[in-house]
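This report refers to the structure that appears directly beneath it.
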Amino acid sequence: KLKMFKKLKTIIDKILTKQQKKEILQFIEIKKRWKNKIDPNIQKQAKIIDFKNREVTIKTKNSAWRNELSFLKEEIKKKSLPLTTRLIKL
């Protein structure tokens, strides 16, 4: 199994650029922070679906929640996003 993991890592290293690997790791970290720091009621209504070029995209269940999150953008950014994140798209 360890040998297979090493082969997989070698393939991933060949496919992804350094920047892509960095963004994937940041995306994973953002999702962990979201899960641990954002109110569970908000989590039921919205989820992070993408992170690219320092922009986080959040999908909401409906337009009412999209509007609600637009008022909470700065609070969400402070609680769950790295300082390098520049924008939240809803």
Side-chain angles (χ1 to χ4, degrees):
K1 288 183 180 182
L2 187 59
K3 188 176 181 179
M4 186 170 72
F5 177 74
K6 286 182 180 180
K7 285 182 181 180
L8 183 58
K9 184 183 179 324
T10 303
I11 292 169
I12 290 171
D13 286 343
K14 288 179 181 178
I15 294 172
L16 299 176
T17 66
K18 206 175 209 181
Q19 181 60 33
Q20 287 171 321
K21 285 186 257 184
K22 183 179 175 182
E23 282 193 352
I24 289 169
L25 292 174
Q26 287 176 328
F27 183 60
I28 291 168
E29 180 62 28
I30 288 167
K31 289 190 83 148
K32 283 181 190 176
R33 288 181 186 189
W34 177 267
K35 183 179 178 187
N36 294 326
K37 296 185 179 187
I38 298 299
D39 184 291
N41 293 323
I42 293 173
Q43 290 183 44
K44 289 177 187 175
Q45 303 300 324
K47 65 180 180 174
I48 295 174
I49 60 168
D50 196 19
F51 176 71
K52 194 178 289 184
N53 300 321
R54 296 179 16 216
E55 293 182 353
V56 173
T57 303
I58 299 173
K59 181 177 181 173
T60 58
K61 287 195 174 187
N62 56 51
S63 59
W65 270 100
R66 182 177 186 271
N67 190 47
E68 182 71 25
L69 288 189
S70 70
F71 294 112
L72 299 172
K73 266 186 182 183
E74 288 307 311
E75 181 181 342
I76 290 170
K77 191 171 179 179
K78 286 178 188 174
K79 283 185 175 181
S80 66
L81 304 178
L83 296 175
T84 57
T85 306
R86 63 184 170 97
L87 182 64
I88 297 176
K89 296 189 312 188
L90 298 171

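- If you take CD1 on I42 and CG on L69, they are separated by 6.0 Å, rounding to the nearest 0.5 Å.
- A distance of 8.5 Å separates NZ in K52 from OG1 in T57, rounded to the nearest 0.5 Å.
- Legend: residues meeting side chain to side chain donor-acceptor pair (under 3.5 Å) with N36, ordered by chain and number and at least two apart, are absent.
- Distance check, rounded to the nearest 0.5 Å: CG of L25 to CD1 of I30 gives 11.0 Å.
- Of the residues listed (Q26, R33, K32), the one engaging E29 in a side-chain hydrogen bond (donor to acceptor under 3.5 Å, both in side chains) is R33, and it is the only one.
- Within the structure, every pair that satisfies the salt bridge (charged side-chain N to carboxylate O under 4.0 Å, His left out) test and touches residues 60-76, not counting sequence neighbours, is listed here: E75-K79.
- Of the possible polar contacts, none joining the N53 side chain to the E55 backbone as a donor-acceptor pair under 3.5 Å is found.
- I48 CD1 to I38 CD1: the interatomic distance, rounded to the nearest 0.5 Å, is 7.5 Å.
- From I76, atom CD1 reaches atom CZ of F71 across 12.5 Å, with rounding to the nearest 0.5 Å.
- Checked against salt bridge (charged side-chain N to carboxylate O under 4.0 Å, His left out), E23 has no partners two or more places apart in sequence or in another chain.
- Between D50 atom CG and K59 atom NZ the span is 12.5 Å, to the nearest 0.5 Å.
- For D39, the side chain to side chain donor-acceptor pair (under 3.5 Å) partners two or more places apart in sequence, or in a different chain, are N41.
- Q43 meets the side chain to side chain donor-acceptor pair (under 3.5 Å) test with no other residue; sequence neighbours excluded.
- For K47, there are no side chain to side chain donor-acceptor pair (under 3.5 Å) partners two or more places apart in sequence or in a different chain.
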